[in-house]
Enquirer: 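Sharing a structure with you now.
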There are 2 protein chains.
Amino acid sequence: MTTAPITAAPPSVAGQVITLHGETELIARAGHLFEAKTEFICAAVDTSIWSMSITRDHALRRLATHRAAGVAVYKLYNPAAVAEPADLAHLARVAEFGAQVRICPSKLPHEAIIIDGRVAILAGPTVAGERDFSVVSVPGVVEGVRSLFMTTWQAATDLAEYLPASRPQVDEQGLTILRLLSAGQKDETAARQLGFSVRTYRRRVAELMDALGASSRFQAGVRARELGLRI
Amino acid sequence: MTTAPITAAPPSVAGQVITLHGETELIARAGHLFEAKTEFICAAVDTSIWSMSITRDHALRRLATHRAAGVAVYKLYNPAAVAEPADLAHLARVAEFGAQVRICPSKLPHEAIIIDGRVAILAGPTVAGERDFSVVSVPGVVEGVRSLFMTTWQAATDLAEYLPASRPQVDEQGLTILRLLSAGQKDETAARQLGFSVRTYRRRVAELMDALGASSRFQAGVRARELGLRI
DNA sequence: ACCCGGATGGCAACAAGCTGCCAGCCCCGC
DNA sequence: GCGGGGCTGGCAGCTTGTTGCCATCCGGGT
């Protein structure tokens, strides 16, 4: 499995790509690279990776150190990272400690770290409990990787949108009602479909309107979609 | 401006990173790499880059060749790529010729190409009319770059959503009405604000409902937001 | 066993929205 | 100058939605 060779001698090689096996080797051999001076970017699959050998409190303290040193920290997570209340609470604290946290609209299969725009560490898939890490410092490659990351970052949703205080609590039945409304169904039809009276259905819709902070059904529809509710 | 060195000797170097200067050199030295066998991925700033030395017809013929050969082609463009009708028309043809085309929700600053998951070509910024290209074939790096690309791809919008046939035409007045509806305003109030009668306002709302394909106002609100109308 | 609170459902008054009909106005073409 | 078409606005009948009120039921606690 080799790529066709580049013709003639390479004009320049501005750094090497190092492949390291396992997180222990990564930290031992390239751990010092994690000391960011200006910017620390991390695209993570979940909240435990990259901190599995240190406690969450330690991670938070490092964040505080970064903030004190003026290092901009960007952390991008998979949607699964906010599925559990404990993980969501942790991410809220990560944000409180100065990191910018966003949740990716789609699944990020592999992780990446970019430090000071100078080095990128790209994780491979997990094989036999370990992953290979590619450490690259070629400016063009690092910038290309950072460019793709920033594109994803722009499209991601700020963590604040996931915090309970800013987001209406809609239970499963509420989502079902929103789906029926979104499908254009009349109250009588939808109520029959759900197996309760139109009065109760209308009571529920009124509750949803309150939760969404809407004063008309059109506004409620816009709000429901804006909040990315699963309708 | 150098990165702190990796401690000890590198355990493995699975390929080099080659930096090429300018598109002419890129094509001359690494042009053969563009011959994809299974997959061709391209994240482009606009429709002209990567084809500035060949005509659009030539590009379309190459796409047909790719399709005939069973090569999956993914093309991701900036939002600006669909701003002009001529560009949009060209992209429609690109899609007709077999490429999957999506539009990124945010601005992609630099371009990237990934061929067969084996080599990545990352473009740098334009300086004095030329760009440097980093050609990398280290599996870990290529996979990491592809991973980030696919995350952005998942979040992008299919080109079909931008084609006029599938997208309701809403004029400026229509958008204003949608904004008032989105603000929760009653018909009488909104009509007065716009300076015409409530009958006319309701006539307009009915037309918008038709355009959005909605049978209720809630549904219309959801659709308006889904289409990303500026409301 | 009893009581109370919460939820449901039916009814009704009212509000908001939907749409047809028709008169009047304006503009354009002949 | 006239006629016709398109648009607007008023009115009205109807539909859909909003919300209050009250009777009934059910479950939980004492």
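To find a chain, count down the sequence lines: A is the first, B the second, and so on, and within it residues start at 1.
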Enquirer: Without hydrogens or angle criteria, can the side chains of B:Thr152 and A:Thr152 be said to hold a donor-acceptor pair below 3.5 Å?
Expert: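 Side chains of B:Thr152 and A:Thr152: pair found under 3.5 Å.
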Enquirer: Polar pairs (N or O, both sides) under 3.5 Å between protein and nucleotides 20-26 of chain D?
Expert:
{"residue": "D:dG20", "atom": "N7", "partner": "A:Arg199", "partner atom": "NH2", "Å": "3.2"}
{"residue": "D:dG20", "atom": "O6", "partner": "A:Arg199", "partner atom": "NE", "Å": "2.7"}

Enquirer: Rounded to whole Å, please give me the gap between CD in A:Gln219 and P in C:dA16.
Expert: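 From A:Gln219 CD to C:dA16 P: 15 Å.
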Enquirer: Quick check on DNA chain D: between B:Phe196 and A:Ser216, whose nearest nucleotide comes earlier from the 5' end?
Expert: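 Comparing both residues, the 5'-ward one is B:Phe196.
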Enquirer: So, is A:Thr200 near the phosphate of C:dG9, with a side-chain N or O under 4.0 Å from OP1 or OP2?
Expert: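 Checking C:dG9 against A:Thr200, a side-chain N or O does come within under 4.0 Å of OP1 or OP2.
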Enquirer: Tell me, please, which residues at least two apart from A:Glu39 pass salt bridge (Lys or Arg N to Asp or Glu O under 4.0 Å).
Expert: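 A:Arg146.
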Enquirer: Return the value, rounded to whole Å, for the distance between atom CZ of A:Arg202 and atom P of C:dC11.
Expert: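 Going from A:Arg202 (CZ) to C:dC11 (P), I get 14 Å.
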Enquirer: In whole angstroms, how far is the P atom of C:dG10 from the OH atom of A:Tyr201?
Expert: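 Nearest whole value for this atom pair: 17 Å.
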Enquirer: Among the candidates D:dT8, D:dT18, C:dC18, find the nucleotide nearest to the side-chain atoms of B:Met209.
Expert: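 For the B:Met209 side chain, the nearest candidate turns out to be C:dC18.
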Enquirer: Take the protein atom CD of A:Glu207 and the nucleotide atom C1' of C:dA7, then report the distance between them rounded to whole Å.
Expert: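 Distance, rounded to whole Å: 11 Å.
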Enquirer: Hey, is the side chain of B:Arg217 poking within less than 4.0 Å of OP1 or OP2 on C:dG17, counting only N and O atoms?
Expert: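 B:Arg217 to C:dG17 OP1/OP2: side-chain N or O found under 4.0 Å.
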Enquirer: Examine the side chains of B:Gln185 and B:Gln193 and answer whether a donor and an acceptor come within less than 3.5 Å of each other.
Expert: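 The answer is yes; a qualifying pair exists.
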Enquirer: Out of C:dA7, D:dG9, C:dG9, which has the shortest distance to the side chain of B:Ser197?
Expert: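 Out of C:dA7, D:dG9, C:dG9, the nucleotide with an atom closest to B:Ser197's side chain is D:dG9.
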Enquirer: Residues from residues 183-193 of chain A sitting under 4.0 Å of DNA chain D, heavy atoms only?
Expert: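 Going residue by residue through residues 183-193 of chain A, the ones with a heavy atom under 4.0 Å of DNA chain D turn out to be A:Lys186, A:Asp187.
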Enquirer: Strictly by salt bridge (Lys or Arg N to Asp or Glu O under 4.0 Å), give each pair with a member in residues 186-197 of chain B just once, sequence neighbours left out.
Expert: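 Residue pairs with at least one partner in residues 186-197 of chain B: B:Asp187-B:Arg202, B:Asp187-B:Arg217.
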Enquirer: Mind checking what makes side-chain contact (heavy atoms from CB on, under 4.5 Å) contact with A:Ala95, not counting sequence neighbours?
Expert: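 Here the qualifying residues are A:Val101, A:Leu159.
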Enquirer: A:Thr126 and A:Glu130: side-chain donor and acceptor closer than 3.5 Å?
Expert: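 Not at all, the side chains of A:Thr126 and A:Glu130 share no donor-acceptor pair under 3.5 Å.
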Enquirer: When rounded to the nearest 0.5 angstrom, what distance separates CD1 in B:Ile113 from CZ in B:Phe40?
Expert: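 One gets 4.0 Å once the value is rounded to the nearest 0.5 Å.
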Enquirer: Which whole-number value in Å describes the distance from A:Leu180 CG to D:dG17 P?
Expert: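 In whole Å, D:dG17 P lies 12 Å from A:Leu180 CG.
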Enquirer: C:dC18 C1' sits how many Å from B:Asp210 CG, rounded?
Expert: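 Answer to the nearest Å: 12 Å.
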Enquirer: Counting side-chain heavy atoms from C-beta on, which of D:dT8, C:dT8, D:dT16 comes nearest to A:Arg204?
Expert: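 The answer is C:dT8, which lies nearest to the side chain.
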Enquirer: Can you pull the side-chain hydrogen bond (donor to acceptor under 3.5 Å, both in side chains) pairs that have at least one residue in residues 154-164 of chain B, sequence neighbours excluded?
Expert: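 Sorted result for residues 154-164 of chain B: empty, none.
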Enquirer: Calculate the interatomic distance between A:Phe218 atom CZ and C:dC18 atom P; express it in whole Å.
Expert: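 Going from A:Phe218 (CZ) to C:dC18 (P), I get 11 Å.
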Enquirer: Under 3.5 Å, is there a donor-acceptor pair linking the side chains of A:Glu143 and A:Ser147?
Expert: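 There is no such pair (donor and acceptor under 3.5 Å, judged by atom type) between the side chains of A:Glu143 and A:Ser147.
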